[in-house]
Amino acid sequence: MIAFVSGPVAALAPTTAVIEVGGVGMALQCTPQTLAGLRVGQEARLATSLVVREDSLTLYGFADDDERQVFELLQTASGVGPRLAQAMLATHSPDALRLAVSTGDEKALTAVSGIGKKGAQKLLLELKDRLGKPVGAHIGHQGIGAPVTSGWRDQLQAALIGLGYASREAEEAVTAVAPQAEAAVAEGAAPPVPQLLRAALQTLNRAR
């Protein structure tokens, strides 16, 4: 198993980072939060999880070992594959997920794209004895039971700048997608950063 990769960041895309390791470019699937912390040309070390399928080998990258461990534990629940596990980590930090599961916070799980009410109830039952209690004082990307009303802007702008856009362009794109984020908040959900990132990129592509 590939436990981590370390080397200069060769390229960044909306969902992927390419890390140069010994002259070979390793493509890693990452959340927007992880991508936001990377810069092309700078050294990076990402914890990884290799997902093997009959027709593919996919490497997922994480900011630290804790995220990687939670990513793998989430997939022990029935119906949770790597894509949904990554979506959960794109919405909540590892500790936020632990707190949601340990307190039976159904609303926090339904804030994740792809998880409905019944799915959340099932996940709460299956994961309760697997994730454990929160390990830190900081509750990740959003507070449990209260969706983020700020902070998503910083995440989104950092991700766009990491992809090579100027600060002004990134700020304009964030403003353009703000109504989508506000609509999610009005419905009691967390702003969906991955979807907002895709929408922001579409706005930037149309402007060029």
Q: Check the pair Ser78 / Glu126 against side-chain hydrogen bond (donor to acceptor under 3.5 Å, both in side chains), numbers first and verdict last.
A: CA-CA 8 Å; Ser78 58; Glu126 291 194 30; 2.6 Å; yes
Q.
According to a hydrophobic-cluster definition based on side-chain heavy atoms being under 4.5 Å apart (Ile, Leu, Val, Met, Phe, Trp, Tyr only), do Leu125 and Leu123 belong together?
A. no
Q. Can you name the nearest heavy-atom pair linking Ala173 to Leu204, along with the distance?
A. CB-CG, 3.8 Å
**Q.** Leu160 and Glu169, any side-chain heavy atoms less than 4.5 Å apart
**A.** no
Q. Taking the side chain from Thr203 and the backbone from Ala199, do they hold a donor-acceptor pair closer than 3.5 Å?
A. yes
Q: Keeping the roles fixed (side chain from Arg168, backbone from Tyr165), state whether a donor-acceptor pair exists under 3.5 Å.
A: no
(Q) Just to verify, which of Arg130, Arg98, Met88 counts as forming a side chain to side chain contact (heavy atoms under 4.5 Å, CB included) with Val70? (A) Arg98
Q: Compare all side-chain heavy atoms of Thr58 with those of Leu28 and state whether any distance is below 4.5 angstrom.
A: no
Q. For atom CD of Glu106, is the number of surrounding heavy atoms from other residues, nucleotides or ligands below 6.0 Å larger than 12?
A. yes
Q. Are Phe4 and Phe71 co-members of a hydrophobic cluster defined by side-chain heavy atoms under 4.5 Å apart?
A. no
Q: Before giving the answer on side-chain contact (heavy atoms from CB on, under 4.5 Å), spell out for Leu59 and Met26 the whole-Å C-alpha distance, their side-chain angles and the decisive distance to 0.1 Å.
A: CA-CA 8 Å; Leu59 200 59; Met26 306 285 284; 3.9 Å; yes
Q. Within the distance-only criterion (no hydrogens, no angle test), does the side chain of Arg68 pair as donor or acceptor with the backbone N or O of Ala3 below 3.5 angstrom?
A. yes
Q.
If you compare all heavy atoms of Asp66 against all heavy atoms of Pro94, which two are closest, and at what distance to 0.1 Å?
A. OD2-CB, 3.4 Å
Q: Kindly determine whether Glu67 and Thr34 satisfy side-chain contact (heavy atoms from CB on, under 4.5 Å), including the steps that lead there.
A: CA-CA 10 Å; Glu67 280 194 359; Thr34 298; 3.8 Å; yes
Q) Which heavy atom in Leu35 sits nearest to a heavy atom in Pro14, and how many Å separate them? A) CD1-O, 3.1 Å
Q) Which heavy atom of Asp65 sits nearest a heavy atom of Ala47, and at what distance? A) OD1-CB, 3.4 Å
(Q) Nearest 0.5 angstrom please: Thr110 OG1 to Gln121 CD, how far? (A) 10.0 Å
Q. Run the salt bridge (Lys or Arg N to Asp or Glu O under 4.0 Å) check on Arg45 and Asp64 step by step: do they pass?
A. CA-CA 9 Å; Arg45 183 185 187 278; Asp64 54 41; over 6 Å; no
(Q) Donor-acceptor check, side chain of Ser102 to backbone of Leu99, threshold 3.5 angstrom: yes or no? (A) yes
Q. Side chains of Val177 and Leu197: closer than 4.5 Å at any heavy-atom pair?
A. no
(Q) What I'd like to find out is whether the side chain of Gln75 reaches to under 4.5 Å of the side chain of Pro82, using heavy atoms alone. (A) yes
Q. Does some side-chain heavy atom of Gln157 sit less than 4.5 Å from a side-chain heavy atom of Arg153?
A. no
Q: Identify the heavy atoms of Ser6 and Val21 that sit nearest to each other, and give their distance.
A: O-CG2, 3.9 Å
Q: Scan for side-chain hydrogen bond (donor to acceptor under 3.5 Å, both in side chains) pairs involving residues 9-29, sequence neighbours excluded, and state none if there are none.
A: Thr16-Gln29
Q) So if you build clusters from Ile, Leu, Val, Met, Phe, Trp, Tyr with side-chain heavy-atom gaps below 4.5 Å, do Leu50 and Val24 land together? A) yes
Q) Under 4.5 Å between any side-chain heavy atoms of Leu12 and Arg39, yes or no? A) no
Q. Mind checking whether Leu127 and Leu124 sit in one hydrophobic cluster, side chains of I, L, V, M, F, W, Y counted as touching below 4.5 Å?
A. yes
Q: Verify the cluster assignment for Leu84 and Phe62: are they in a single hydrophobic cluster under the rule of side-chain heavy atoms below 4.5 Å apart?
A: yes
Q) Is there side-chain contact between Leu97 and Thr91, with heavy atoms separated by less than 4.5 Å? A) no
(Q) Contact between Cys30 and Tyr60 at the side-chain level, heavy atoms closer than 4.5 Å - yes or no? (A) no
Q: Quick one: closest heavy-atom pair of Ile2 and Val5, and the distance?
A: CG2-CG1, 4.0 Å
Q) Is the backbone N or O of Arg83 less than 3.5 Å from a side-chain atom of Gln86, with the two atoms forming a donor-acceptor pair by type? A) no
Q) Is there a donor-acceptor contact under 3.5 Å from the side chain of Gln33 to the main chain of Ala90? A) yes
